[in-house]
Amino acid sequence: MKSLKVVFLGTPEFAKTSLEAIHQSRHEVVGVVTVADKASGRGQKVNQSPVKIFAAEHHIPVFQPEKLRNPEFLEELRKLNADVFVVVAFRMMPKVLFEMPRMGTFNLHASLLPDYRGAAPINYAVINGEEKTGATTFFINEKIDEGNILLQEELDILPDENAGNLHDRLMEMGAGLVVKTLDGLADETIQERPQPQVEHPKNAYKIFKEDTKIQWDAPSGTVHQFILGMSPYPAAFTTLKIGDEEKGLKIFSGKYEHADHDKKAGTLDISKNRLSIYTQDGIYYPQELQLEGKKRMGVKDFLNGFRNFEHITMA
C-alpha cells in the first residue's frame, strides 16, 4: 500500500486528534504548521498549541510563521517535498501555499457541505435543531469552504446534545475521515466531486459576543437549542439586575416546558431551589449557570448565594 508524505496544518485539540490519527496510519507526517506561541494570563505564561505539543513529542518538524507568505517559510516547506497538505481548524491560506503539494491541499470541515460553511458549523447545527450533521473533506480553493468534495460522513445529533459534546464526537469521526481520505488519494479510489449548488445554504458565521445573548421572547424550544448550541463555549448569556448592579449570567443547560401565561418574556420567578424564566410560549428552567465573576455551578448552589430574591430581576 502506498504511503503519502503529509504536511499538517492546524492548531486546537480538534486538529490534534486528526494529526494523531495520521501519525498512527500508514502515512508519514513530514512537517506541522501551527500558530505561534502566545503568552496569556497574569503570569504571561507561554502557551503552545495542542498540535505543536503533539508534534514536538513525536519529533515532527514544526513551523510557526507569523505570515504564511513568508518566502523563507515557503522554501522550507517545499524542501519537505510533501505529496499533500492536510488542514484542520487553521486560518485562511494563500494560493501559493495550498497549491504547493503535487496532490493539492484538503481540509476537514465539521458539517455536510455545502451547508454550514463558515467558522462555527457545530454551534449552528445545534442552534438550528438539526437532527444530523457530519464531516466533509474537500480540496481547498480560493473560495471559503467551496472546493470539490472528497469524502463525507453523517452523524446523528443526540437529543439535548450540546455543542461541546457534539464537537468531541465529530473530532473523533473527523480524524477517521481524514485518514480514509489519505488512503483513498494514495490508492486512487476517490473521485472528487463539485459541491451541490444550493440556492440558500445554511451558514455558520463567526460568533461574536453580541450574538450570544439569549432572546427570551423566542419560543421555548428555540431558546433551549440556542443555549445548547452555545454550550460550553462561547456560552449563551442574559443580564440580571441585582439591586442596582447589572451582571452577566451565562447559562449552559436547562429544561423547558410549554405553558400558557400572561407574563412578559424574560420575567423571572425565583424560589429556594428553582429559577424560572418566561419565554414566548412557556418557561425555561436553567440548571447550570455562571454569574459574572463567579465559577460555574448548579442552580441550587447559585441560588444559595442569595438571601433576598426580591431584589433580583432581568435587566
Side-chain angles (χ1 to χ4, degrees), residues 1-38 46-110 135-151 171 174-192:
M1 293 187 294
K2 186 177 178 181
S3 172
L4 297 180
K5 294 171 68 176
V6 178
V7 166
F8 185 87
L9 301 94
T11 295
E13 192 71 23
F14 191 94
K16 190 220 63 169
T17 303
S18 288
L19 173 60
E20 184 175 6
I22 300 171
H23 181 71
Q24 294 173 351
S25 74
R26 75 196 209 213
H27 307 287
E28 180 187 4
V29 182
V30 296
V32 159
V33 183
T34 190
V35 70
D37 299 342
K38 294 181 180 180
V46 176
N47 295 308
Q48 299 177 343
S49 75
V51 162
K52 179 182 178 179
I53 293 169
F54 180 88
E57 288 173 349
H58 295 84
H59 311 291
I60 302 169
V62 176
F63 301 88
Q64 297 176 278
E66 291 289 344
K67 295 182 179 180
L68 296 178
R69 297 179 186 271
N70 182 293
E72 294 180 3
F73 159 67
L74 293 173
E75 184 56 32
E76 288 299 313
L77 274 196
R78 286 191 187 94
K79 290 178 182 177
L80 297 176
N81 197 29
D83 298 302
V84 63
F85 288 178
V86 177
V87 180
V88 182
F90 196 59
R91 63 204 213 220
M92 290 283 293
M93 296 171 58
K95 187 175 181 180
V96 66
L97 184 56
F98 67 70
E99 287 191 344
M100 186 181 296
R102 67 177 185 85
M103 298 180 75
T105 298
F106 75 81
N107 183 66
L108 171 69
H109 189 74
T136 304
T137 53
F138 67 96
F139 277 128
I140 288 179
N141 61 21
E142 291 174 292
K143 296 181 179 180
I144 298 175
D145 298 338
E146 294 189 29
N148 285 352
I149 290 172
L150 293 164
L151 291 177
M171 178 173 67
L177 193 65
V178 165
V179 173
K180 289 178 186 176
T181 303
L182 287 170
D183 290 346
L185 290 173
D187 300 336
E188 299 182 1
T189 57
I190 291 179
Q191 185 68 45
E192 63 179 283

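Note that these values count all heavy atoms, side chains included, but never hydrogens, waters or copies made by symmetry.
- M92 places a side-chain heavy atom less than 4.5 Å from the side chain of I144.
- Taking CG from D37 and CD from Q48, the interatomic distance works out to 5.0 Å, rounded to the nearest 0.5 Å.
- Remark: P65 pairs with V33, F63, L68, F73 by the side-chain contact (heavy atoms from CB on, under 4.5 Å) rule, at least two apart or across chains.
- Heavy atoms only, all atoms of each residue included: G104 and V84 are closest at O-CG2, 3.3 Å.
- At a threshold of 4.5 Å between non-hydrogen side-chain atoms, the residues L182 and R26 do not count as touching.
- Taking all atoms of both residues into account, the shortest heavy-atom contact from F90 to T34 is CE1-CA, 4.0 Å.
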Should M100 and V7 be marked as a side-chain contact (heavy atoms from CB on, under 4.5 Å) after you check the CA-CA gap, both sets of side-chain angles, and the distance that decides it?
CA-CA 11 Å; M100 186 181 296; V7 166; over 6 Å; no

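- With T136 contributing its side chain and H109 its backbone, the two residues share no donor-acceptor pair below 3.5 Å.
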For residues 12-23, tabulate all N or O donor-acceptor pairs below 3.5 Å that involve a side-chain atom, not counting sequence neighbours.
residue, atom, partner, partner atom, Å
E13, OE2, K16, NZ, 3.2
T17, OG1, E13, O, 3.2

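- Pairing each heavy atom of I190 with each of K180, the nearest pair is CD1-O, 4.2 Å.
- Here the CG-OG1 distance, from L177 to T137, works out to 4.5 Å after rounding to the nearest 0.5 Å.
- Residues V32 and F54 form no side-chain contact, since every pair of their non-hydrogen atoms from C-beta on lies 4.5 Å or further apart.
- Atom CD1 of residue I60 and atom CD of residue E28 lie 9.5 Å apart, to the nearest 0.5 angstrom.
- For the pair L80/K5, no side-chain contact is recorded, criterion being any heavy-atom separation below 4.5 Å from C-beta on.
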Show your working on side-chain contact (heavy atoms from CB on, under 4.5 Å) between I140 and F85 and close with a plain yes or no.
CA-CA 10 Å; I140 288 179; F85 288 178; over 6 Å; no

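- Atom-to-atom distance recorded for E142:CD and M93:CE is 12.5 Å, nearest 0.5 angstrom.
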Report the C-alpha separation of V35 and K52 in whole Å, then their side-chain angles, then the decisive distance to 0.1 Å, and conclude whether the side-chain contact (heavy atoms from CB on, under 4.5 Å) test is met.
CA-CA 8 Å; V35 70; K52 179 182 178 179; over 6 Å; no

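- Proximity of L185 to F106: side-chain heavy atoms (C-beta onward) are separated by under 4.5 Å at one or more points.
- Proximity of N47 to K38: side-chain heavy atoms (C-beta onward) are nowhere separated by under 4.5 Å.
- Between R102 and D83, at least one side-chain N (NZ, or NE/NH1/NH2) sits under 4.0 Å from a carboxylate O, which counts as a salt bridge.
- Considering only residues two or more places apart in sequence or on other chains, E75 meets the salt bridge (Lys or Arg N to Asp or Glu O under 4.0 Å) condition with R78.
- The closest side-chain heavy-atom distance from L9 to L97 is below 4.5 Å.
- In this structure, F98 and N107 have side chains that are not in contact, with every pair of non-hydrogen atoms separated by 4.5 Å or more.
- With rounding to the nearest 0.5 Å, the separation of CG in L108 from CE in M171 is 11.5 Å.
- Among all heavy-atom pairs drawn from I149 and F138, the shortest one is CA-CB, 4.0 Å.
- Minimum interatomic distance between S25 and V179 (heavy atoms only, all atoms of both residues): CB-CG1, 3.9 Å.
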